[in-house]
Amino acid sequence: MGPSSENQIIADRKVLTADYLPNKMVHRDSERKQIASNLEPILEGKSPIDMLVYGDPGTGKTAMSRYVIEELRKHEPQLKYAYINCFKHSTKFDIFYTLLNNLGHKMVHRQGTPTDEIVQKLEEIASKNKIVLVIDEVDQLTEDEVLYELSRFTRAGLIMIANQQTVFHDVDTRVRSRLSGRDEIRFKKYTENELNDILLDRREYGLRKNAISKQQIRKIAVKSNGDARRAINTLRIAAQKAEQKKQKEISQKQIKTAKPEAIKKQKQKTVEKLNNHQKILLEIIQNDNRISSTTLYEEYRAQTEKSKSKRTLRRYLNKMENYNLIKSYGKGKGTAYEKL
DNA sequence: AGTCCACTGGAACTTGAGGAAT
DNA sequence: ATTCCTCAAGTTCCAGTGGACT
């Protein structure tokens with residue numbers, strides 16, 4: 001949807017989404033160069049350096065990875081890349097299958113195809129072509145095997161993205177040694193000034209003139225806690241509110257109410273990824289301020305028809321803790337869960 | 001300072017679905 | 001058709017852990 005003359009506030013909505021890739025990244029210059037120089041050997045047919053890109057949410061890890069790859073593609077259109085989010089795809093088969101598909105090789109069949117065959121196919125492509133693999137939310141991986149296989153593709157660029165630097169601490173030594181030559185790039189939280197610049201950039205391309213003042217932009221930057229995703233979402237939600245009311249400018253109140261909505265929306269997105277059993281668990285936990293493992297299981301069983309086993313619940317709960325929906329306290333006898 | 005046992009998480013196994021081969 | 005594979009998701013089993021309670 002392009003700009004419409006009827007819109008008073010929003011000129012281009014997609015510019016106001018966190019996933020939008022601007023044609024020039026403001027800030028993070030040293031990180032950009034570092035990623036680029038690690039990948040550059042690919043252009044000469046040499047082996048690139050594997051990378052762990054880590055930092056808090058909304059610090060530009062994924063965006064910068066994509067940006068650098070797009071820049072390189074301008075010089076080398078042959079360069080292809082595949083992106084996978086381990087939050088959505090966590091098993092070995094699923095990951096390699098999706099990576100292959102993203103590289104445009106859709107000949108493999110969904111079922112009845114051995115995983116090894118898919119891995120081999122990807123390895124073949126990786127050795128013959130110039131490719132970069134972006135593995136996002138690598139901390140959500142359940143099988144070390146995936147990292148082991150990926151690290152074998154020495155000709156392919158490998159960018160692994162995580163929140164914590166310690167993501168590889170408990171993978172087995174075999175995998176760790178394979179990844180030992182990796183470069184680690186930290187993305188710090190944005191400063192207020194940096195966020196301000198980012199928002200000004202989005203304003204220029206996404207909003208109409210005078211839709212929002214510099215002071216208001218600054219206010220959003222200050223309140224976003226170094227998180228660009230949150231800042232951009234806040235700007236968009238405020239803009240949409242003003243647009244709906246057919247105003248010419250965004251009001252103070254709309255900015256104020258946009259932030260909690262932006263946070264809430266983000267959480268909702270996570271909850272939507274849960275299955276019914278997981279949602280019931282979450283609901284039970286949210287209705288108590290602290291619930292013991294045993295009580296939680298009993299209540300869950302009371303509420304469900306075909307209840308899952310305790311072991312499965314434990315898996316669910318771990319997953320939800322990783323998603324930052326709940327928090328567990330203690331081990332052994334007194335384990336309890338709380339909402340976040 | 002020791003026993004008890006609720007709770008954890010790894011590993012092996014089962015189930016069910018679905019494509020391929022016969 | 002049916003047999004033979006594969007996979008994801010779940011279950012069963014159990015050694016290990018560490019809090020609670022003596």
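Every chain is numbered from 1, with letters handed out A, B, ... down the list of sequences.
Within residues 308-326 of chain A, the residues approached by DNA chain C to less than 4.0 Å at the level of any non-hydrogen atom are A:Lys308, A:Ser309, A:Arg311, A:Thr312, A:Arg315, A:Tyr316, in residue-number order.
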Name the pairs: protein N/O against N/O of nucleotides 15-22 of chain C, kept only if under 3.5 Å.
none

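A:Glu321 places a side-chain N or O within donor-acceptor distance of the main-chain N or O of A:Ser328, the cut-off being under 3.5 Å. Distance alone, capped at 3.5 Å, is enough to place a donor-acceptor pair between the A:Arg66 side chain and the A:Asp19 backbone. The backbone N or O of A:Ile250 lies less than 3.5 Å from a partner atom in the side chain of A:Gln216, making a donor-acceptor pair.
A side-chain donor-acceptor contact under 3.5 Å links A:Asp136 and A:Tyr83. For the 3.5 Å distance criterion, the side chains of A:Arg230 and A:Asn233 fail to qualify, holding no donor opposite an acceptor. Judged purely by distance below 3.5 Å, without hydrogens or angles, the side chains of A:Asp139 and A:Gln164 never pair a donor atom with an acceptor atom.
Heavy atoms of A:Ser292 sit nowhere under 4.0 angstrom from any nucleic acid atom. Using a 4.0 Å heavy-atom distance criterion, A:Phe96 is classed as making no nucleic acid contact.
Nucleotide C:dA8 holds its P atom 10 Å from the NZ atom of A:Lys92, rounded to whole Å. To the nearest angstrom, C1' of C:dT11 lies 15 Å from NZ of A:Lys306. Straight-line distance from the CG atom of A:Asp94 to the C1' atom of B:dG18: 16 Å, rounded to whole Å. Here C:dA9 presents its P atom at 10 Å from CD of A:Gln278, a figure rounded to the nearest Å. Between A:Leu296 atom CG and B:dA6 atom C1' the separation is 14 Å, expressed in whole Å. Distance CD (A:Gln120) to P (C:dT6): 15 Å, rounded to an integer number of Å. Atom CD of A:Glu117 is separated from atom P of C:dC5 by 14 Å (rounded to the nearest Å). Taking atom NZ of A:Lys88 as the reference point, atom C1' of C:dA8 lies 17 Å away to the nearest angstrom.
Dashed line: the shortest gap from a side-chain N or O of A:Thr115 to OP1 or OP2 of C:dC7 is under 4.0 Å. Phosphate contact (OP1/OP2 of C:dA9, side-chain N/O of A:Thr91, threshold under 4.0 Å): absent.
Separation of atoms CD (A:Glu137) and CG (A:Asn322) is listed at 10.0 Å; rounding is to 0.5 Å.
A side-chain hydrogen bond (donor to acceptor under 3.5 Å, both in side chains) check over residues 266-276 of chain A, counting only residues at least two apart or in different chains, returns the pairs A:Asn275-A:Tyr316.
For A:Gln286, the CD atom sits in a packed shell: over 12 heavy atoms of surrounding residues, nucleotides or ligands are nearer than 6.0 Å.
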